[in-house]
Amino acid sequence: MTRSGAAQGAVDAALAAASSTAPAGTDAQPKKWVSAVTSRVSTKWIGGAATVLILGTTAGFGGLEAVPEPPLPELGAGDTFTGAGIEMTPQRAVLIDELNETGVRPEEGERLLVVIMDVTNVDDAARPSSTGKGSLNAIRVEDVPDIAPTVARYDDTTRDPWLQPGVPAQLVLTWAVPASDFADGEDVRMALPTATEYTGEFFIYGEYWEDEVIGAHATLAVEDVGAGVEE
């Protein structure tokens, strides 16, 4: 068995096990989510004297109340969120002892948390999957927020692949995590990024993404596949 075949075989085994226990009648079509955008309600201009009166009265009752921001979308397996020009659809979360093709080597007391995700670049130009604001390496696991994942293609294990516009790709995101932090059947919660697109002026050419923030959360059930496939 080749190295890429071993990696795919280990994850395929977990997918097959998960699929066999899926409840009948599950809707296979992923829900579509888009980045939450705060709306602003315009106000009418009020005459100077009336403005002073209204603001003075409001201050006497504790000041203006802040408008609550809408909650971030909460995704499950098969749900899609679009952030920073990338459609992200988390599919499975696998806990495994090692998976060398990902490029991540767990140290003593660690295991690998592997998330399989379908992605599509909805921008007009090709872009790297692992660099830049709003890219996939900005995805964070809630229990280990300081660790960035490695990104590789599921089919051929190419690391840090480029995403072609409009072409779906299935990727493997991998974290080395403390072995005691995750267990089979438990939930793992991730933060998915989004960002604001700008058009360059003066010394910056073209479009680029900045002002990265959390755009949505995704929760997946962890599947423990043990040692995986031996080479």
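Below, each value reflects all heavy atoms present in this structure, side chains not excepted, and no hydrogens, waters or symmetry copies.
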Sole candidate of V141, V144, L95 that passes side chain to side chain contact (heavy atoms under 4.5 Å, CB included) when paired with V188: V141

Expected output: side-chain N121 to main-chain L163 donor-acceptor under 3.5 Å: yes

Heavy-atom check, side chain of L136 versus side chain of L171, under 4.5 Å: yes

ILVMFWY cluster, L192 and I147 together (side-chain gap under 4.5 Å): yes

Sequence neighbours excluded, every pair satisfying salt bridge (charged side-chain N to carboxylate O under 4.0 Å, His left out) that has a member inside residues 124-139: D123-R127

With sequence neighbours excluded, residues passing side chain to side chain donor-acceptor pair (under 3.5 Å) with D143: none

Nearest atoms (heavy-atom pairs only) where P73 meets G215: CD-O, 3.2 Å

Residue pair E210, T196: steps toward the side-chain contact (heavy atoms from CB on, under 4.5 Å) verdict: CA-CA 5 Å; E210 280 291 343; T196 302; 5.9 Å; no

Steps toward side-chain contact (heavy atoms from CB on, under 4.5 Å) verdict (R92, L220): CA-CA 7 Å; R92 295 287 186 268; L220 300 174; 5.8 Å; no

Approximate separation, where rounding is to 0.5 Å, of D160 CG and T150 OG1: 8.0 Å

Minimum heavy-atom distance A227-D97, with the two atoms named: CA-OD2, 3.2 Å

Considering all heavy atoms, the nearest I86-S135 contact: CD1-CA, 4.5 Å

Spacing of D155 atom CG and Q170 atom CD [to the nearest 0.5 Å]: 8.0 Å

Contact check, side chains of V122 and T82, non-hydrogen atoms, under 4.5 Å: yes

Minimum-distance pair of heavy atoms, taken over all atoms of S129 and V151: OG-CG1, 3.8 Å

Test item: P149 and T174 side chains (from C-beta on) under 4.5 Å apart, heavy atoms: no

Atom of A77, atom of Q91 and distance for their closest heavy-atom approach: CB-O, 3.6 Å

Verify same cluster id: V167, Y154 (apolar side-chain graph, 4.5 Å): no

From E197 atom CD to T194 atom OG1, the distance as rounded to the nearest 0.5 Å: 10.5 Å

Beyond-backbone contact of I139 with P193, side-chain heavy atoms, under 4.5 angstrom: yes

Between CE on residue M190 and CD1 on residue I214, distance to nearest 0.5 Å: 12.5 Å

Cationic N near anionic O, under 4.0 Å, R189 to E74: yes

Smallest separation among heavy atoms of L75 and M88, with atom names: CD2-O, 4.4 Å

Distance-only polar pair, side chains of T89 and D118, donor-acceptor under 3.5 Å: no

Verdict with supporting geometry, R111 and D181, salt bridge (charged side-chain N to carboxylate O under 4.0 Å, His left out): CA-CA 10 Å; R111 301 187 72 194; D181 283 6; over 6 Å; no

Backbone of D184 reached by a side-chain donor or acceptor of D224 within 3.5 Å: no

side-chain contact (heavy atoms from CB on, under 4.5 Å) evaluation trace for D146 with R140: CA-CA 8 Å; D146 298 328; R140 292 293 184 270; over 6 Å; no

side-chain contact (heavy atoms from CB on, under 4.5 Å) assessment of V114 paired with W175: CA-CA 7 Å; V114 179; W175 293 261; over 6 Å; no

Interatomic distance, S130 atom OG to N137 atom CG [nearest 0.5 angstrom]: 5.5 Å

